[in-house]
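Below is one structure, written out as structure tokens; comments come after it.
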Amino acid sequence: MKVLVVFALALATVSAGLLPQQLPVHPKDLPSVPSIEGRITNGKTATEGQFPYQVGLSFDSSGGSWWCGGSIIGNEWVLTAAHCTDGASKVTIYYGATVRTNAKVTQTVASSNFIQHASYNSVVLRNDISLIKTPAVSYTSDINRVELPAIASSYSTYAGEKAIASGWGKISDSATSVASTLQYETFDVVSVATCQSTYGSLIATSKVICIATPNRISTCNGDSGGPLVLADKVILIGVTSFVSSAGCESGAPAGFTRVTSYLDWIKSNAGISN
């Protein structure tokens, strides 16, 4: 597990509106202390085949290993976060799993198959998106692609809409391990302005989507890179990117890379469009 990112913000040279009231951090970089096994904090348990587009990603590097989520967007492509692929030498992909270690199909691919956004910035969490090229998988009731947003949706804020996040992330800030069973929860998307009131405009840009996290329910460590889909249309609108360094149960908004901002990038690199 990589160390917590330290944000070197130039306090003397930027206005207060740019600065975060709370520091954001990638979920996989949150520190943990001993407790019970994890999942999306206080979420619901998924049933088999409920999220056929969800994959589990076990990354390895010379410095250790970490767990992330991802979304199938084509039978040879998985979309995840740049902070998940960053520094990894390979990844094992778990397809069609509800119980995390009981996948219908697994594949291991080298980092040469990663297409990490060239402008990913780990300091301000900018362009936190990556593609993974995989051997072809056959679609089944448990393994299938998720629909990307239409180009016409590029300017939609989604504020006020319901969206579902899923993953094997922690159940609490004190948990030490990711979940054994896939978890999910429905959240309200909030405006960029609401997100900026917590994280500032350097972090919460127009290329970010944020959700409200009341009642200690949020994405957490282990959910990084996973999907945020519209609840009524099952369209992928976000990639899990950051939470408050105060913790997943802090009540601060959780942030996602806005997929509509990267439709051209996805099309150019994977040849996939809606």
Side-chain angles (χ1 to χ4, degrees), residues 1-7 20-46 51 54 56-59 65-71 80-84 100 122 124-125 128 162-190 194-200 203-204 208-229 231 237-258:
M1 185 65 64
K2 294 184 177 179
V3 297
L4 180 67
V5 175
V6 177
F7 293 90
Q21 300 300 308
Q22 295 188 37
L23 290 177
V25 61
H26 292 313
K28 83 175 187 68
D29 294 329
L30 280 168
S32 60
V33 297
S35 185
I36 58 178
E37 69 177 16
R39 57 178 183 242
I40 281 183
T41 55
N42 303 301
K44 300 180 179 70
T45 299
F51 300 103
Q54 171 91 49
L57 301 172
S58 180
F59 288 93
S65 61
W66 55 93
W67 180 270
C68 283
S71 302
T80 189
H83 77 267
C84 289
R100 182 171 60 88
S122 63
V124 291
L125 318 187
D128 187 18
K162 300 285 187 183
I164 298 172
S166 52
W168 288 271
K170 300 195 306 181
I171 187 176
S172 69
D173 289 323
S174 60
T176 57
S177 63
V178 294
S180 59
T181 306
L182 185 63
Q183 304 290 306
Y184 73 97
E185 191 52 80
T186 302
F187 299 92
D188 291 321
V189 178
V190 299
T194 297
C195 204
Q196 287 174 344
S197 67
T198 299
Y199 298 114
I203 304 297
V208 166
I209 287 178
C210 288
I211 58 170
T213 65
N215 305 316
R216 297 158 64 108
I217 301 172
S218 181
T219 49
C220 204
N221 189 309
D223 293 319
S224 286
L228 182 73
V229 303
I237 62 170
V239 175
T240 303
S241 181
F242 63 86
V243 294
S244 171
S245 59
C248 309
E249 298 178 270
S250 68
F256 299 76
T257 303
R258 181 183 293 270

Test Thr181 against Arg100 for side chain to side chain contact (heavy atoms under 4.5 Å, CB included), laying out the working first. CA-CA 6 Å; Thr181 306; Arg100 182 171 60 88; over 6 Å; no

Looking at [atom1] of [X] and [atom2] of [Y], how far apart are the two atoms once the value is rounded to the nearest 0.5 Å?
{"X": "Cys210", "Y": "Arg258", "atom1": "SG", "atom2": "CZ", "result": "9.0 Å"}
{"X": "Arg216", "Y": "Ser250", "atom1": "CZ", "atom2": "OG", "result": "10.5 Å"}
{"X": "Ser244", "Y": "Tyr199", "atom1": "OG", "atom2": "OH", "result": "4.5 Å"}
{"X": "His83", "Y": "Ser241", "atom1": "NE2", "atom2": "OG", "result": "6.0 Å"}

Should [X] and [Y] count as side-chain neighbours, where that means a heavy-atom distance under 4.5 Å?
{"X": "Pro227", "Y": "Gln54", "value": "yes"}
{"X": "Phe256", "Y": "Ile237", "value": "no"}
{"X": "Val208", "Y": "Ile203", "value": "no"}
{"X": "Phe51", "Y": "Val229", "value": "no"}
{"X": "Thr219", "Y": "Val243", "value": "yes"}

Are side-chain N/O atoms of Asp223 and Thr240 paired as donor and acceptor at under 3.5 Å?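 Judged by distance alone, the side chains do not pair up.
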
Assess, by modelled atom type and distance only, whether the side chains of Thr45 and Gln183 contain a donor and an acceptor separated by less than 3.5 Å.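 There is such a pair (donor and acceptor under 3.5 Å, judged by atom type) between the side chains of Thr45 and Gln183.
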
Over all heavy atoms of both residues, which pair between [X] and [Y] is shortest? Give the atoms and the distance, please.
{"X": "Leu125", "Y": "Asp128", "result": "O-CB, 4.0 Å"}
{"X": "Phe59", "Y": "Cys68", "result": "CE1-CB, 3.9 Å"}
{"X": "Gly43", "Y": "Glu185", "result": "CA-OE1, 3.9 Å"}
{"X": "Gly222", "Y": "Trp67", "result": "O-CD1, 3.4 Å"}
{"X": "Gly226", "Y": "Ser71", "result": "C-OG, 4.5 Å"}

Expected output: side-chain [X] to main-chain [Y] donor-acceptor under 3.5 Å:
{"X": "Thr213", "Y": "Ala252", "answer": "yes"}
{"X": "Thr80", "Y": "Gly69", "answer": "yes"}
{"X": "Trp66", "Y": "Cys84", "answer": "yes"}

From the options Asn221, Leu57, Leu182, select the one residue that forms a side chain to side chain contact (heavy atoms under 4.5 Å, CB included) with Trp168.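 The side chain to side chain contact (heavy atoms under 4.5 Å, CB included) with Trp168 is passed solely by Leu182 among Asn221, Leu57, Leu182.
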
